Amino acid sequence: MIDDPTSVVTVSLTIDGQAVEVPEGTSIHKACESASIDTPTLCWAENLTPVNVCRVCVVEVEGQRALVPSCARPAEEGMVVETDSERVKHSRKMVLEFLGSGVDLDQAPELQKWMDHYGSDTSRYDQYELPALRMGEAPKIQDNLYIRDYDRCVLCYKCVEACGDDAQHTYAIAVSGRGFDARISTEFDVTLPDSACVYCGNCIGVCPTGAIQFKTEYDLRQEDDWRPEDQDVTRTVCSYCGVGCNLELHTQDDKIVKVTSPADHSVTSGMLCIKGRFGWQYVQPVDTPTRKA
Amino acid sequence: MADLYISEETADDFEMAAVDATLDGRHVVVRESERLIRAGTSARHGHRHLLLPALHALQNAKGWISPGGLNYVCETLQVPPAEAYGVATFYDLFRVEEPAQAGDVTHVCVDAACQIAGAADRIAELKAQGVNVHESPCLGQCERANDATGEVAVFVQGVGGPDSVAADDTPYELFHQMGDESLRLLKRIGVVDPTSLDSYRAHGGYESLTAAIEMGAEAVCTAVADSGLSGRGGAAFPTGIKWRAVAAEQGRPKHVVANCDESEPGTFKDRVVMENDPFAVIEALTIAGFATGAENGWIYIRGEYPLATARLQSAIDQALEAGLLGDDAAGSGHRFHIEIRRGAGAYICGEETALFASLEGFRGEPRSKPPFPTTHGLFQEPTAINNPETLLNVLDIVPIGADGYRSRGTERSPGTKLLCLSGRVAKPGIYEVEFGTTLGEVLELAGGLTGSGELNAVLMGGAAGSFVDRSYLDMPITLEDARERGTTLGSGVVMAFTDEIDLVDVLVRISQFFRDESCGQCVPCRVGCVRQNETMVVLQEKGSLTSERRQLVDDIAQVMVDASICGFGHTATNAINSAIKLGLVPGVPS
Amino acid sequence: MGGGTSSYLEVEKTDVVLLWGSNAREAHPIYFHHVLKGLDNGARMFAVDPRRTSSAKFADAWLGLNVGTDVAMANAIGREIIAADLHNKDFIAHSAQGFEDYKAHVEPYTLEYTEAITGVPAEAIREVAHAYASADKAQILWTLGITEHHNGVDNVKSLCNLALLTGHVGRWGSGLVPLRGQNNVQGGGDMGALPNKFPGFQDITNPDHRAKFETAYGMELNPNNGKHLTLMLEAMEHGEIKAAYCIGENPADSEAAAGHSRALLEGLDILVVQDIFMTATAQLADVVLPSSVGWAECDGTVTSSERRVQRVRAAVTPPGECRHDHEIIGELAKRMGVDSWGDPTPQELWDELRSLSPLHAGMSYERLEAEGGLQWPCPSEDHPGSPFLHGWLWEDDLGGRAPSPFSITEHEGPKEQLTEQFPLRLTTGRSLDSYNTGVQSGGFESPIRSGDELDMNPGDAAVLGIADGERVLVSSPRGSVEMGVRVQPDIPAGLTFTTFHFPDLVDINRLTNDEWDRDSGTAEFKAAAIRVEKLLA
Ligand SMILES: Cc1cc2nc3c(=O)[nH]c(=O)nc-3n(C[C@H](O)[C@H](O)[C@H](O)COP(=O)(O)O)c2cc1C
Ligand code: SF4
Ligand code: SF4
Ligand code: SF4
Ligand code: FES
Ligand code: FES
């Protein structure tokens, strides 16, 4: 950053017995990363303000009664952090298990990996006559651009942040209801085309579980033809206005199937508008020497 | 937050009038002329706190918040409709669908004290009469629950008219210590006229504020710190430390908040004080403002307390009139104003950071600490937030000094404590006892047990507290003894259960309470509360738990205690786990 | 050297934003995210625009000036800054010239006088002047609302004067930010797609520059400036231009007074169109050369509004016979008898450009990749690129340059005056989900697209007895179209507005004015005089 003074104050802490030095203000999570310690995260993202609600990233800090969310808590001088204590492992296992017991995590491979790692067993909530309560939502397909399948929603608040304060400032969606009844919703649950939504797709870009996804992806998945292993991602620049937003074109079989933007790029911070997100459709090959106008 | 999309539904005249009366011209967008319109980010932020009052106005006007009504509020305050809807649906007292049955809503308490007094029967009865009944968590009138008469707590939510509670037209008769010379905090209950400043002054009112002004702010903070006073809202944090931290903040607006949300099941002490001695709360809050240098006083009171709200508002008006509040409050040279905000049915809004969020016009979701309220409280500004009982103690400390105050109670728990006795005791009600009195003595004070059964358990500190058994009758009521014996005083709840009562039913209800009241923000609590409740329902149905389910109880409790964001999740498994650990739950190994 | 002086991140930390003639919320949505961060960080924003656009709704105050009165407004702000003694005297003395003339020139633009011209309350003009001048950091942002006037260049100069007056230029966080309408308008200029420039903004008429390019290309180059589009159309009219080779432009739809330009294109001896679409212009062509989509089917670079050069890359194969632009041009050159070009790759072409344009010299493909693009000037491989321009204004020796001159700009008002016959003002703009003439954005189904409608003030509509949604006849001195009306409280009396994304449905450019700016060749899209009539039943 140009305006930041170059003299950086650092703090020293211990993580799992390892001495770590990081710039002041660095989160414990980032400090772990710098010490090559992998931490699961769910509600945290590079380009969003931490809300620290999922609690999957918790660590044990000496002298603190409760575990602390590593994504949001800044590292402090002299902190002693444990990322693999019994308490930490238990909490991470349980948080993932809780989520898996109520939400469809099929399309969240990263979470699946961590669930295996911590030995989460979501089946143990269903062993009794009383089935465990689930989100129980049917997919909302209200237009041809993207779908919302809240049966996959872990209420990480990311879409709300991207739609609201952290980027888009459109506030088409918010959390409604309370407790287990909380849902991501428009006002009075009106359909997206009837809401404030401007189809920037920034909610899609940040959703970690596939609860919000491109219609193109949804359709391919319905046909059982979504093949991430056969996909390429090409970085380019949007063809519309002069802002110069970076696009990542995801292609499968020489066709664009979805568009994202890099979260760490200074122009977009991962965010796009409707034209960048969905405006590529004119490029798709058609069987004429020129494209249809 | 500005190029708002508002749908086509419009408010009717009645809704608009109600909102206009509440907002009183405080609009975000100001059209100065056809070519000059003012609005902007700071204007929007500055008006957001009016959302909750505006939603109350809509709810009261029509009995629900209609799309057109919400649009009108959103346009006026420039709040995105999806966010406003998110706020409205957070609270129990707001409805976002047109109710099937029009008219007033009768909220009947189903929490423990009322549950064991026959709430279910009462509800069935009222429904049979065609009354529009809504089952409610604890209404803070637990002393009214009476097994013998079948009376349970009721709150009537008005539509197009005022709300009401039972005490509205009867003088308060459930105070059993009237005339007791040793009373410090409750000495005016039943003695002063709660609607008259003159009466309050005639009974020593406002002498403490005068004394405080004479001492100076710093000396007041010192006296409070030296007195050893700790918070009575549940967390028992030293009040002096909090006040000094806020007093030390300079250069930003500061706030003092009276946390009158009182929704912990079994708790009603703040209500009794507010209804019967409202000027004391106002005077004490004024001292807090003076001592911390805060100009803004706020009272956040739960929505189900219409009488207390009216009495406090009248007290504020009279105090303002008399110059005891205002730009030069009581001649102190210090500017101090108080505003009342009503909650709308959400236990979590008693948690201090959730309270700030709620007051600011957002969903009542707790915020991560640190940062703490003393630096980043209401509107992210320095804030001292206290329970009214805590504040009452200050009225006592100022005139008699820290040493005088410490003449009662124990070294580590100086002073007296308000206790809320309910359940199967002969004289349920509010009691002021000196710290150190034993639990057994306290139960005696309330006339001992009623009914035919033996004492089985006592719920200490409310639903977020814990059960104790008969072996605790010798426990002195002090913070240190409670801690040492693995229980808590919490908000002062002492609810007695005899062995006639099926404790499992009570545990199911407690787990249902937490399931209903979790804000839902963090995973451990949002899901954990549901899974805990499911486990209790299985227990209720089957009479026992498998060893896997038994293990689940512990696993759930541990992650909730370890990894939840706020005190709600940290304490939501306490009652159930304590009951199991004490072997009070048949069919579940301890 | 044309380009925004500041980078996007700077607006996040600025204190005052003047958003002037720009609806960035819809036309430049991701740039506006940076503005929103600035507002959330406490910046104040004033929107100067005839319409209270969706962007203006975020402003602390919206100043709804009459169309075409921007120079008067800017001069009044300048005058007030001087009158209130808020101008930056040290900066002016050191870095600017012509201040006394400027001061004398703006003297008549008193607040009251300007209120009469612009329609904006004097008090608001004063407030903007004081806020802008007293801010620590301040930026002026504009788009086509400033430039698409017959005097667009004067408009820009009058805003530059304000920055010079206050020193809000050449420093991090302060600056002048014109937002480019299309993804590579800036890049086109960079690459010399201007009638008077070689790549890197080097003058064609400068013999040294010309010599450099002649040596590199191994041939003699035309020493005269070419014509911009508006002049080309004029030349077609006079029979001076008889053939045209049109690459990636759709003048048959997009030019003001489109009916007229269509006739001119049809009258050419030969029209060659190279495009990715069969556009309206392509349909008039004698030869159509189908090309690949630059950003998704071909490698290369584009330059953004913050002068950031970034890579585009091929992700999918072009359909059918479509070929890359550089290949088509190379093939044409071969057929014309130039065979020294070979078959250069995009990277080789870029490296040649770097060897000729000092602005771009340091921008290797490797660096563009690794650093997420670079902002020019970037004269050498060890140069970090330039987040903001004109830092020399603050250097002791001005980097060896002459102090920057104030410009003298006079209020003229729109060329096309309102008359009894054409009493309403029409101005045009973009909507969020559509783009220019709709050729690209027509490719997807937007659930929020509403079509081109005429926004009218409720009072004006009532006088004409027109209801919301009613179809009407809209006429200007150049033609008429039928379209729907949207009654809009946000639009001031006397003004109408429409987008221009659906030429097949509503051919707005039949109405707009082809009066163009002397310096830039931009036509006055923003200010036509029209009449609205009810359709006969
Ligand atoms: C779930 C929850 C509910 C709470 N409800 C209340 C309440 O109703 N009243 C109250 O004074 N404190 C309540 N508290 C405690 C407050 O967070 C805070 O500690 C208290 O207002 C501070 O005041 P004190 O120091 O005077 O006790 C609650 C805490 C939690 C976690
Ligand atoms: S597409 Fe954009 S505007 Fe619509 S809900 Fe998602 S983030 Fe919000
Ligand atoms: S929809 Fe996706 S991004 Fe939004 S809260 Fe649910 S899981 Fe998170
Ligand atoms: S612990 Fe429960 S109440 Fe507290 S923040 Fe988490 S979900 Fe909300
Ligand atoms: S990732 Fe840290 S709490 Fe969710
Ligand atoms: S009022 Fe019923 S339990 Fe408190």
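The basis for the numbers below is simple: all heavy atoms, side chains too, and nothing from hydrogens, waters or symmetry mates. Every chain is numbered from 1, with letters handed out A, B, ... down the list of sequences. Because the structure is a prediction, the values reported are computed rather than measured.
- Within the 3.5 Å criterion, the main-chain N or O of Leu133(A) finds a donor-acceptor partner in the side chain of Glu534(B).
- Looking at Thr89(B), its side chain does come within 3.5 Å of a backbone N or O of Gly177(A) through a donor-acceptor pair.
- Residue Asn52(A) comes nearest to Ser368(B) through the heavy atom pair OD1-OG, 2.8 Å, listed as atom of the first residue, atom of the second, then distance.
- The environment of CZ in Arg134(A) is crowded: more than 12 heavy-atom neighbours from other residues, nucleotides or ligands sit within 6.0 Å.
- Using a 4.5 Å cut-off between heavy atoms, Leu155(A) contacts chain B through both its backbone and its side chain.
- Residues Phe188(A) and Val96(B) come closest through the heavy atom pair CE2-O, 3.5 Å.
- Ionic pairing of Asp92(B) and Arg178(A) is present here: one or more N-O contacts between side-chain nitrogen and carboxylate oxygen are shorter than 4.0 angstrom.
- The backbone N or O of Asp555(B) sits less than 3.5 Å from a side-chain atom of His90(A), completing a donor-acceptor pair.
- Nearest approach of Ala563(B) to Arg55(A), heavy atoms of both residues: O-NE, 2.6 Å.
- Within the 4.5 angstrom heavy-atom criterion, only backbone atoms of Val154(A) (N, CA, C, O) approach chain B.
- Only the side chain of Arg73(A) comes within contact range of chain B, judged by heavy atoms closer than 4.5 Å.
- Here the closest heavy-atom approach between residue Arg87(A) and residue Asp562(B) is recorded as NH2-OD1, 2.8 Å.
- Among Pro370(B), Cys529(B), Cys525(B), Gly364(B), the residue with the largest count of heavy-atom pairs under 4.5 Å with chain A is Pro370(B).
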Exercise for review: Run the numbers on Asp181(A) and Arg515(B) for salt bridge (charged side-chain N to carboxylate O under 4.0 Å, His left out), then give the verdict.
Suggested key: CA-CA 10 Å; Asp181(A) 296 333; Arg515(B) 174 178 169 156; over 6 Å; no

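- Of all the listed residues (Val88(A), Val58(A), Asp189(A), Asp194(A)), the one sharing the greatest number of non-hydrogen pairs under 4.5 Å with chain B is Asp194(A).
- The number of heavy atoms from other shown groups lying within 6.0 Å of CD (Glu77(A)) is above 12.
- Each of Met560(B), Glu8(B), Glu365(B) has some count of heavy-atom pairs under 4.5 Å with chain A, and the biggest count is that of Glu365(B).
- When all heavy atoms are compared, the tightest approach of Thr186(A) to Tyr85(B) is O-CD2, 3.6 Å.
- Interface residue Glu517(B): backbone and side-chain heavy atoms are both found under 4.5 Å from chain A.
- Note on Val537(B), Ile65(B), Ile556(B), Ile6(B): by heavy-atom pairs under 4.5 Å with chain A, the leading option is Ile556(B).
- Within the 4.5 angstrom heavy-atom criterion, atoms from both the backbone and the side chain of Val175(A) approach chain B.
- Contact count against chain A (heavy-atom pairs under 4.5 Å) is highest for Lys542(B) among Lys542(B), Arg367(B), His570(B), Glu541(B).
- Only the backbone of Ala172(A) comes within contact range of chain B, judged by heavy atoms closer than 4.5 Å.
- Residues Arg526(B) and Phe98(A) are not in side-chain contact: their nearest non-hydrogen atoms beyond the backbone lie 4.5 Å or more apart.
- No part of Thr535(B) comes within reach of chain A, as not one of its non-hydrogen atoms sits under 4.5 angstrom from that chain.
- Considering every non-hydrogen atom in both Cys54(A) and Pro524(B), the closest pair reads O-CD, 4.1 Å.
- Put simply, of Cys163(A), Ser195(A), Ala72(A), Gly164(A), the one with the most heavy-atom pairs under 4.5 Å next to chain B is Ser195(A).
- Comparing Ala174(A), Pro69(A), Pro74(A), Ala132(A) by how many heavy-atom pairs each has under 4.5 Å with chain B, the most go to Ala132(A).
- Put simply, the side chain of Val53(A) does not reach to within 4.5 Å of the side chain of Val523(B), judged on heavy atoms.
- Counting only N and O atoms by type, the side chains of Glu187(A) and Tyr5(B) include no donor and acceptor under 3.5 Å apart.
- Taking chain B as the reference chain and counting heavy-atom pairs below 4.5 Å, the highest number among Cys156(A), Cys43(A), Ala196(A), Cys197(A) is found for Ala196(A).
- When heavy atoms are compared at a cutoff of 4.5 Å, Tyr91(B) approaches chain A solely by way of its backbone atoms N, CA, C and O.
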Exercise for review: Starting from the C-alpha separation in whole Å, work towards a yes-or-no answer on side chain to side chain contact (heavy atoms under 4.5 Å, CB included) for Ser7(B) and Val190(A).
Suggested key: CA-CA 10 Å; Ser7(B) 68; Val190(A) 298; over 6 Å; no

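- With a 4.5 angstrom heavy-atom cutoff, Ala88(B) does not touch chain A via any of its atoms.
- Atom NZ of Lys89(A) has more than 12 heavy atoms from other residues, nucleotides or ligands within 6.0 Å.
- Taking the centre and axis of the six-membered ring of Tyr125(A), the NZ or CZ atom of Arg531(B) falls inside the cone set by 45° and 6.0 Å.
- Listed options Ala346(B), Gly520(B), Ala84(B), Ser518(B) were ranked by heavy-atom pairs under 4.5 angstrom with chain A; first place goes to Ser518(B).
- Interface residue Ser101(A): backbone and side-chain heavy atoms are both found under 4.5 Å from chain B.
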